[in-house]
Amino acid sequence: MTGLIAFREIVLKVHSRCDLACDHCYVYEHADQSWRARPKVISPEVISHTASRLAEHARDHALPSVTVIFHGGEPLLAGTARLRLVCQEFSRALAGIAALDLRIHTNGLQLSTRYLDLFDEFGVRVGISLDGDRAANDRHRRFADGRTSHPLVLAAVDLLRSEPYRHLYQGLLCTVDVANDPVAVLDALVELEPPRVDFLLPHATWESPPARPDGAPDAYARWLLRVFDHWERLGRPVPVRLFESLFSTLRGGPSLTESLGLAPTDLVVVETDGTLEQVDSLKSAFEGAAATGFNVFDHSFDQVAAHPGVRARQLGLAGVSGSCRRCPVVRSCGGGLYTHRYRDGGAAGGDFDNPSVYCTDLRELVDGVEGRTALRETAPQLSDPAELARSQEELTRVLLARLHADLAGDPGWARAWELLDAVERAGDAGVDALDAVLEHPFTRTWVLAALDAARDGGRDGRRDGSEAARRLTALAVAAVLRGGLDLPAEVVYRDGEVYLPTLGLLRLGEPGTQGRAALRTTDEGYAVRDGRAEHRFGPAAGDARWQPVRTWSPGPDAAPVALEDLDPYRNCFARPPRLRLGAGEAEEWRGRLDRAWALLHEAVPGFARAAAAGLTTLTPLAGGPRAGGWGEAGRHGPGALGVPYAAGVRETALALLTGRRRARLRALTEVTDLYALDGEWQHPSPWREHPVPVSRLLADVHERVAVEAYRRATRAAEPGGADRIHQALDRLSGAAELTITGKRLVAELRWELKAVDA
């Protein structure tokens, strides 16, 4: 079963005939006419074998749930007795194996309380086909003698909307016809208050193209965008799956519909005679296009999953045509529905290795929705540093809660967590103090390391939360001291010392010793009781055993920045940090930082102001500047930066600038989606020998725009530097991986470069 798709959804044809004569129906009006040779109604034997096969498949693949959709023809023609048998057999077979989601797609003409009572008993949700108002619906959905079906469908929807059946109402399915009035169609559907609307493009191929009354290649896009605009004006009164799928993919998420996106298809069709087929829409391509040669009596679902036709639809990006792979909207459109790609190759045979027959429509639709929504769909963290900081703090809290779930059973961890909770409940002072220690960048570094340790320990059965509990205790005690709270604050120290995040390092004994000590706040600072003796320490106490975190001020109006050379979790950069700076070294470094900061503000004031936003912590790194002089962002929150201690003023200025750019981009990628499918495409880079993924190209450009500005201002620009950045930006502009927010960032970089050029 290795590498095979697991089918999570089956379409069960319970009846192969229909009581309408819709002229756009792919089952009866298109190329494949295999329905003529099949039984009208599914037999008990096919039902029981299908249920057993599905249960076997769900058990072998450990599927948490499976969906069964009753289909036809018109499935209600099977009658209540046969439908009851289907519900009973599948419920019995899946009991204790997987949750069962039952649905039915119907034209609604036969719907009555008899059916709805049955569906209520088994939780069968009902989707009804309706093409809009009466004029739109009558264009195709008529009886064989030409009579309208519209009043009967409305009566069915009204019944489904009534109590006690409304919870079964799944939504409406509407096939698009560009001859209909899109506004009238949407109004008619919205009036029926559906939980969801599905707009479906009529099935077509390059051999049987869709109707285009005005001959325009984008007629369906223009129709759907008029629907979209009206839907927006109405305040998005009902969910529309087509539009919500585009919102999802444009943000970097998955497609929500089979007709769009690159997600593999996990659906198989069971005909009334037990034949196993591929997705039903393939019947539009040619006779036998959906056939697999398998049936439920002799073959498993895994055998179907290995069929070349099924496998071809699991390839994602590799499964679309070459021109589609080069298209910037392919993540959203996915090359279109597989069926719509079919083209007859004459004597060479036909294939699906083509763009969709709706290619122009899909491109215009994706671009149209993106253009209409880009401003409000862009992640606010991109333009608002305060929002980025809030998101980062929330991420730290989420990760800490996940660590708590892993270690809640450890006694030391549980005690520390209780103290942390008490701090948060101690009013504004406690909340502010807790925020300060959680915003400390190396709190994130510690949490990530502790999560890794808990995960590794869980795998080999040796999970031990003692190290994590010590750090959490120190973090909670630091919050108690910062807030001046009257709470018990006992630390656990080892090797004779304990680090209190954001405050400093307290030595309580000789190296190698360990124990506990109680801490409290005093008028002069803090006090520690170890055994019977109490010692005061802090800013005014002058205790040599206390090493406070030093600070540096980047300006008269700026918040102080911690010069963090104490925290044991500061070792998260590409090179090792310096050990504790001596008093003279710290003063010397402050002087270099002052001069470097002044240079930045003189040379690139806009970039300097952006670099200052959110900077909370600087860590001195060992050694001098490397080639390029870049600063380093480590595995931590966005406020910290590693800067080579031995760098000169110019190199320090460049390290501050580039390091903050790296830290900002890293922070954005942690809380927003700038791109998706990173690595699926490789892009030429003006600075690298081999093509790179979009993440690397974006990171290079993001840094080099600021570097170019700095070098020009300091008369050290490299020839052709701006040209290379423009080349990279042009490449990024056509990258399919970028989300709406990622594209907005690229536009921001263009504006920055324009300012540099000016």
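Remark: D678 pairs with no residue by the salt bridge (Lys or Arg N to Asp or Glu O under 4.0 Å) rule, at least two apart or across chains. Listed by chain and number, the residues in a side-chain contact (heavy atoms from CB on, under 4.5 Å) with R609 are H601, P605 (sequence neighbours excluded). Residues that satisfy the salt bridge (Lys or Arg N to Asp or Glu O under 4.0 Å) test with R397, not counting sequence neighbours, are E393, E424, D435. W681 pairs by the ring pair (Phe, Tyr, Trp, His ring centres under 6.0 Å) definition with nothing, not counting sequence neighbours. Taking T522 as the reference, R520, E524, A527, R536 meet the side-chain contact (heavy atoms from CB on, under 4.5 Å) condition, with sequence neighbours excluded. Applying the salt bridge (Lys or Arg N to Asp or Glu O under 4.0 Å) rule to R661 yields the partners E752; only residues at least two apart in sequence or on another chain are considered. Partners of D673 under the side-chain contact (heavy atoms from CB on, under 4.5 Å) rule, at least two apart in sequence or in another chain, are T739. For the side-chain hydrogen bond (donor to acceptor under 3.5 Å, both in side chains) test, no residue two or more places apart in sequence or in another chain qualifies with E418. With sequence neighbours excluded, the residues that form a salt bridge (Lys or Arg N to Asp or Glu O under 4.0 Å) with R425 are D421. Annotation: side-chain contact (heavy atoms from CB on, under 4.5 Å) contacts of E588 (sequence neighbours excluded): R592, Y645.
No hydrogens or angles considered: a donor-acceptor pair under 3.5 Å links the side chains of R750 and S733. Looking only at atom types and distance, the side chain of D594 has a donor-acceptor partner in the side chain of W552 under 3.5 Å away. Looking only at atom types and distance, the side chain of T473 has no donor-acceptor partner in the side chain of R415 under 3.5 Å away.
A donor-acceptor pair under 3.5 Å is absent between the side-chain atoms of R580 and the main chain of L566, judged by distance alone. For R570 (side chain) and D567 (main-chain N/O), a donor-acceptor pair under 3.5 Å exists by modelled atom type. Of the possible polar contacts, one joining the T443 side chain to the V437 backbone as a donor-acceptor pair under 3.5 Å is found. In this structure, the side chain of D406 does not engage the main chain of A454 through any donor-acceptor pair within 3.5 Å. With hydrogens and angles disregarded, a donor-acceptor distance shorter than 3.5 Å links the side chain of D565 to the backbone of L581.
Within the 4.5 Å cutoff, no side-chain heavy atoms of L674 are placed close to those of L738. The side-chain heavy atoms of P693 and H683, taken from C-beta on, include no pair separated by under 4.5 Å.
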Could you give me the CA-CA distance, side-chain angles and deciding distance for L399 and L448, then say whether side-chain contact (heavy atoms from CB on, under 4.5 Å) is met?
CA-CA 8 Å; L399 292 170; L448 291 171; 3.9 Å; yes
List the steps and the verdict of salt bridge (charged side-chain N to carboxylate O under 4.0 Å, His left out) for E585 and R578.
CA-CA 11 Å; E585 290 176 315; R578 280 274 302 220; 2.7 Å; yes
Would you please test R711 and E708 for salt bridge (charged side-chain N to carboxylate O under 4.0 Å, His left out) and show each step?
CA-CA 5 Å; R711 285 179 171 166; E708 180 69 14; over 6 Å; no
With side-chain contact (heavy atoms from CB on, under 4.5 Å) as the criterion, how do V707 and T658 come out once you've worked through the C-alpha distance, each side chain's angles and the decisive distance to 0.1 Å?
CA-CA 7 Å; V707 172; T658 58; 3.4 Å; yes
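The two atoms that bring A736 and R331 nearest to each other are O-NE, 2.8 Å, heavy atoms only. Of all the heavy atoms in A517 and V528, the pair that sits closest is CB-CG2, 3.7 Å.
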Which side-chain N or O atoms in residues 614-622 pair as donor and acceptor under 3.5 Å with protein atoms at least two apart or in another chain?
| from | atom 1 | to | atom 2 | distance (Å) |
| --- | --- | --- | --- | --- |
| T616 | OG1 | G639 | O | 3.2 |
| T619 | OG1 | E564 | O | 3.2 |

Quick one: side chains of residues 378-386, donor-acceptor pairs under 3.5 Å with protein atoms, not counting sequence neighbours, listed by atom name and distance.
| from | atom 1 | to | atom 2 | distance (Å) |
| --- | --- | --- | --- | --- |
| T378 | OG1 | A374 | O | 2.6 |
| Q381 | NE2 | S391 | OG | 2.8 |
| D384 | OD1 | A386 | N | 3.0 |
| D384 | OD1 | E387 | N | 3.4 |

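The aromatic rings of F442 and F573 sit perpendicular, their planes meeting at an angle over 60°, well past the 30° parallel limit.
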